[in-house]
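Read through the structure below, which is laid out as structure tokens, and then see the notes.
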Amino acid sequence: MRAIAFARDDADGQPPRGVEWTPLAPPASGRSWRARAERRTAMAAALRRLLADRRADVVAGQLHTGPVAIDAARQFGAAGVLFVPSYEALCHWAFGTGSECHPESRCRDCPRALSLGPPERRALWAARAAQERALRSASLLVAPSRAMADVFERACGRRPLVAAPVAAAPAPARARIDGHVAAMSSVWTPDKGALMLAPIAALVPDRGVLIQVPPAGIRADVAAELDRLPNVTLRPPPGEISDVLDGAAALIVPSQLDEPFGRVAFEGLAAGVPTLASDAGGLRETVPAGQRVTPRDGPGAWATAIRRLEDPRAWQRARDAGVAAAGRVLSERPLERIEDALLAAARDRRAAAA
């Protein structure tokens, strides 16, 4: 299968083998809804130019530009595949901690939407309408976990294909029972457990706690609270998870959100580091039951789980259980399942057009 992908002109790295990489300069930066609308418009124009020259069997997209891919697929007679790796296609706010959103109102009664100025609010409503059209009309939806598939089935009446977004296990880490407690996230927000870090670390003062700072940084008040704890080390960016797991005794994933999948947890398990994660969302499908923490907003529960791993037998059992759990995810051959589904979608679209 040959694939073509778009990338920003400042994108790092190289495309995977078999993928043609087409740079696309973003027309606007920032997270405003109007800026996102500008990016969708630019992507739509680029896709139309590309597909006019080179017809495709499948056009796939996700997140804010996902509807653009589905519209282009319909226009050019291709199968449109919408990946739904997170709550963005429904509304991230509605599923976040402390949300007062009302999803059934389609953003009309959401306090956060109503707090926006009229132009931003109109742009948000237009984005929501585009996502709803894409969810209804896509040839195929792909979710990273059964938990996410359940959410989307309730929202739009369609059951996505479930395929974990992983291809292989990372290299084994040099885990040590007397090592540090590690924590890593692509962003440290309240949803990801940023407000839990200091309270957990304070309850295990004799344990070193290593927290990877993401490129976006950590909120100033959270960083200040962590800096006051002598057992906490904030590792500056950049950082790979292998750096954080090297010499670790445990990895904690204190998400307060019902995680769509939990890639950090999967990589910790697969690398042989005992991994403790919130008992919620897609994490329930990967992390062994004995390593899921509840209540997820209780620092004491996390401290108790960390202490439990100080027993050598419990620590080794957690390592073994984690590696086995990650192996079960990979044994489902998720990438092959996605490829088979893409090919089937293309065949169905050609048959329908015949």
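Worth saying up front: this structure is predicted, and the values here are computed from it rather than measured.
Note that SG of Cys110 is 10.5 Å distant from CH2 of Trp125, once rounded to the nearest 0.5 Å. Rounding to the nearest 0.5 Å gives a distance of 11.5 Å between CG of Leu124 and OG of Ser32. Interatomic distance, Glu225 CD to Leu229 CG, rounded to the nearest 0.5 Å: 7.0 Å.
Every side-chain hydrogen bond (donor to acceptor under 3.5 Å, both in side chains) that Gln212 has, sequence neighbours left out, goes to Arg235. With sequence neighbours excluded, the residues satisfying ring-ring contact (aromatic ring centres under 6.0 Å, His included) with Tyr87 are Phe95. Scored by the side-chain hydrogen bond (donor to acceptor under 3.5 Å, both in side chains) test, Arg317 finds no partners at all (sequence neighbours excluded).
Here the shortest heavy-atom pairing between Pro334 and Ala163 reads O-CB, 3.9 Å. Met184 and Val264 make their closest contact through O-CG1, 3.7 Å (heavy atoms, listed as atom of the first residue, atom of the second, distance).
Without hydrogens or angle criteria, Arg319 side chain to Gly272 main chain gives a donor-acceptor distance under 3.5 Å. Remark: the backbone N or O of Trp33 is paired with a side-chain donor or acceptor of Glu120 at under 3.5 angstrom. Distance alone, capped at 3.5 Å, is enough to place a donor-acceptor pair between the Ser145 side chain and the Pro260 backbone. In terms of modelled atom types and a separation under 3.5 Å, the side chain of Arg158 and the main chain of Leu135 share a donor-acceptor contact. At distances below 3.5 Å, not a single donor-acceptor pair connects side-chain atoms of Asp191 with backbone N or O atoms of Gln256. Listed for the Arg128 side chain is a donor-acceptor partner under 3.5 Å among the backbone atoms of Ala89.
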Subject >> Pair Arg328-Glu332, salt bridge (charged side-chain N to carboxylate O under 4.0 Å, His left out): steps then yes or no >> reply: CA-CA 7 Å; Arg328 286 192 291 273; Glu332 295 177 0; over 6 Å; no
Subject >> Derivation of the salt bridge (charged side-chain N to carboxylate O under 4.0 Å, His left out) call for Asp178 and Arg207 >> reply: CA-CA 9 Å; Asp178 60 346; Arg207 300 297 303 273; over 6 Å; no
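A donor atom on one side chain and an acceptor atom on the other are found under 3.5 Å apart for Ser137 and Arg74. No hydrogens or angles considered: a donor-acceptor pair under 3.5 Å links the side chains of Gln316 and Asp320.
A salt bridge links Asp279 with Arg284: the closest approach of a Lys/Arg side-chain nitrogen to an acidic carboxylate oxygen falls below 4.0 angstrom.
Trp315 and Leu245 fall into different hydrophobic clusters, where Ile, Leu, Val, Met, Phe, Trp and Tyr side chains are chained together by heavy-atom contacts under 4.5 Å.
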